[in-house]
Undergrad: 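Once you've had a glance at the structure underneath, I'll fire off some questions.
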Protein chains: 2
Amino acid sequence: MAVSARRGEPLTLEEICATALRMIDAGGVDSLSMRKLAAELDVNPMSLYHHVDSKTALLQQVCSMVALRLRLPADDGTPWRDQLRALGYAYRSIAQRHPSLWLYVQSHPEALKHDYLLWDVLNRILVAAGVPPERLAHTRKALFTFVSGFVFAECAGILAEQDGPGGAADVDDTFEVAVDLIIAGLSAARP
Amino acid sequence: MAVSARRGEPLTLEEICATALRMIDAGGVDSLSMRKLAAELDVNPMSLYHHVDSKTALLQQVCSMVALRLRLPADDGTPWRDQLRALGYAYRSIAQRHPSLWLYVQSHPEALKHDYLLWDVLNRILVAAGVPPERLAHTRKALFTFVSGFVFAECAGILAEQDGPGGAADVDDTFEVAVDLIIAGLSAARP
DNA sequence: ACCTGAACACCGTTCAAGT
DNA sequence: ACCTGAACACCGTTCAAGT
């Protein structure tokens, strides 16, 4: 009730996605319902289905939109360590901007059509790092799960809890330690 | 309708949790509804609420139940590398047994009251590995997110996709590479 | 104590109808 | 083409009532 279904403009997909993302950021993916979204847009719930196939499709749309903002490091001569670091930080910054959505992305991998560009870039960096070809696929996947696992934990708020007698530690510092550990591991395998 | 609400035995919490877990394993957390669970137990939906506060509380119960099965490596003299490896594999094997539930656990960390025992064991191993005290908390968290990130990706089915020209790679091998990489990274920091 | 039926306030989505 | 209202088949949960 109380959906005053009158508006001037004609309702675009962009508008729908943007509003959905705003609602997700504000209250989590679970708090987004087609009916509430419609109310927010001052539109009948069923109008949405004229622009979007289903709620799942809408979420997919929003996920892709956000994932597109990932800034991949260019293939200039930058040393592999710096490129790997840059990629890790870029990935993390996207998730930090929309933690609730990222929680959803991770547990619904089909929501993101695979970003082959990301894999290609990671591959290139690992080749530069001297990872032997037979271990390339494994290493690529391992690294991706490491970084996404960290970022995911951060989104879920696991990393912020109190520490032992050392007091609360800074999550930024933890991420740096994490990235350093990965780079050290990769460097060790390289003579 | 059609819930033939007659049964002999008196419905226990264990029975509820076990059935819930079975349904989650079969169809994912999303497919579990209080009403379907009640139907499966041949009971009125409202009877469940006499044993459980809410659906969230029920899921929490099930998560704790499963998490309790984690086999932590004992504090014998085993070298830290072996202990760390054992912990990683133990953690993974739990998730592998109930992937859908684990997907939920990860995105709802409040569903698992923190397993301080796990943290303690990990701490002990890292001390044995020679991680300096000021980096202990960071390293512990980084490692945890690495392993849980890997396991999570495996649960979500991200790691099974086709690889480049090398054909499909074995996920077990990838996990081994991942653990090796972590151990190499830790070893590098140790003189 | 333990269980139940009816009810409330929500969902996503279909479908026929309106402009 | 674009939007709408009513309706269907679901949810989780409350509450008063039954044994």
Side-chain angles (χ1 to χ4, degrees), chain A residues 1-24 26-63 100-101 103-104 107-108 110-111, chain B residues 1-24 26-63 100-101 103-104 107-108 110-111:
Chain A
M1 78 248 30
V3 178
S4 79
R6 243 144 334 108
R7 359 179 311 127
E9 325 89 73
L11 188 60
T12 66
L13 181 58
E14 284 72 31
E15 198 185 357
I16 294 175
C17 289
T19 307
L21 181 55
R22 195 163 4 99
M23 290 177 70
I24 290 169
V29 173
D30 288 342
S31 85
L32 179 77
S33 83
M34 296 300 266
R35 294 169 119 108
K36 281 191 215 152
L37 175 57
E40 192 80 10
L41 287 162
D42 195 19
V43 136
N44 184 285
M46 297 318 114
S47 303
L48 299 174
Y49 286 90
H50 216 268
H51 299 86
V52 147
D53 275 350
S54 66
K55 187 183 180 180
T56 309
L58 170 60
L59 283 170
Q60 200 161 325
Q61 196 81 224
V62 176
C63 290
S100 301
L101 183 70
L103 243 45
Y104 176 83
S107 35
H108 299 76
E110 74 282 0
Chain B
M1 72 243 42
V3 178
S4 79
R6 245 147 327 111
R7 0 179 310 128
E9 323 90 73
L11 189 60
T12 66
L13 180 59
E14 284 73 29
E15 200 185 354
I16 294 174
C17 289
T19 306
L21 181 56
R22 193 163 8 98
M23 290 177 68
I24 291 168
V29 174
D30 287 341
S31 86
L32 178 77
S33 83
M34 296 300 267
R35 295 170 119 109
K36 280 189 215 153
L37 175 56
E40 192 81 9
L41 287 162
D42 195 16
V43 136
N44 185 285
M46 297 315 115
S47 303
L48 298 175
Y49 286 90
H50 217 268
H51 298 87
V52 146
D53 275 351
S54 67
K55 186 184 181 181
T56 310
L58 170 61
L59 283 170
Q60 200 161 327
Q61 197 80 224
V62 175
C63 290
S100 300
L101 182 69
L103 241 46
Y104 176 83
S107 36
H108 298 76
E110 74 282 0

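In the text below, chain A, chain B and the rest are named by the order of the sequence lines, each starting its count at 1. What you see is a predicted model, and the numbers here were worked out from it, not measured in a lab.
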Undergrad: Is B/Ser47 touching bases, backbone alone, or none of the nucleic acid, heavy atoms closer than 4.0 Å?
TA: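 Base, at least one base atom sits under 4.0 Å.
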Undergrad: My understanding is that a pair needs two contacts under 3.5 Å, Watson-Crick or G-U wobble. By that rule, which nucleotide pairs with C/dA7?
TA: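 Pairing partner: D/dT13.
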Undergrad: Between B/Ser107 and A/Ser107, what is the shortest heavy-atom contact and its length?
TA: OG-OG, 4.2 Å
Undergrad: Within the structure, does a side-chain N or O atom of A/His51 lie under 4.0 Å from either OP1 or OP2 of D/dC2?
TA: no
Undergrad: Looking at CG of A/Leu32 and CE of A/Met23, how far apart are the two atoms once the value is rounded to the nearest 0.5 Å?
TA: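 So the gap between those two atoms works out to 5.0 Å.
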Undergrad: Of A/His50 and A/Met46, whose nearest nucleotide on DNA chain D comes first from the 5' end?
TA: A/His50
Undergrad: With respect to the side chain of B/Ser33, which nucleotide from D/dT4, D/dC11, C/dT13 is positioned closest?
TA: D/dC11
Undergrad: What is the separation between atom CG on B/Asp30 and atom P on D/dC10, rounded to the nearest whole Å?
TA: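 The answer, rounded to whole Å, is 16 Å.
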Undergrad: At what distance, to the nearest 0.5 angstrom, does CD of B/Glu14 lie from CD of B/Gln61?
TA: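 The CD atom of B/Gln61 is 8.5 Å from CD of B/Glu14, to the nearest 0.5 Å.
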Undergrad: Assign each of A/Asp53 and A/Ser31 to its nearest nucleotide of DNA chain C by heavy atoms, then name whichever residue's nucleotide is nearer the 5' end.
TA: A/Ser31
Undergrad: Roughly how many Å is it from CD1 in B/Ile16 to P in C/dC3, rounded to a whole number?
TA: 8 Å
Undergrad: Provide the Watson-Crick or G-U wobble partner of C/dC2, both distances under 3.5 Å; none if there is no partner.
TA: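 By the stated definition (distances under 3.5 Å), D/dG18 pairs with C/dC2.
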Undergrad: Go through D/dG12, C/dT4, C/dT13 for me and flag the one nearest to the B/Tyr49 side chain.
TA: D/dG12
Undergrad: Let me know the distance between CG of A/Leu32 and P of C/dC11, rounded to the nearest Å.
TA: 10 Å
Undergrad: Whole angstrom is fine here: how far is it from CG in A/Leu48 over to P in C/dC11?
TA: 13 Å
Undergrad: The side chain of A/Lys36 lies closest to which of these nucleotides: C/dC3, D/dT13, C/dC11?
TA: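 Nearest nucleotide to the side chain: C/dC11.
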Undergrad: Nearest to the side chain of B/Arg35, which nucleotide is it out of D/dG12, C/dC11, C/dG5?
TA: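 Given the options D/dG12, C/dC11, C/dG5, the side chain of B/Arg35 is closest to D/dG12.
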Undergrad: Please state how far atom CG in B/Asn44 lies from atom P in C/dG5, giving the value in whole angstrom units.
TA: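 Between P of C/dG5 and CG of B/Asn44: 5 Å.
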Undergrad: Tell me the closest heavy-atom pair linking B/Leu101 and B/Ile24, and the distance in Å.
TA: N-CG2, 3.8 Å
Undergrad: To the nearest 0.5 Å, what is the distance between CG (B/Leu48) and NE2 (B/His50)?
TA: 11.5 Å
Undergrad: For A/Leu41 and D/dC3, give me the distance from atom CG to atom P, rounded to whole Å.
TA: 11 Å
Undergrad: When we call it a touch if two heavy atoms are under 4.0 Å apart, what does A/Met34 touch: a base, just sugar-phosphate, or nothing?
TA: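 If one applies the 4.0 Å heavy-atom cut-off, A/Met34 turns out to touch the sugar-phosphate alone, with no base involved.
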Undergrad: How many Å lie between NZ on B/Lys55 and P on D/dC11, as a whole number?
TA: 9 Å
Undergrad: Please state how far atom CG in A/Leu59 lies from atom P in C/dT13, giving the value in whole angstrom units.
TA: 10 Å
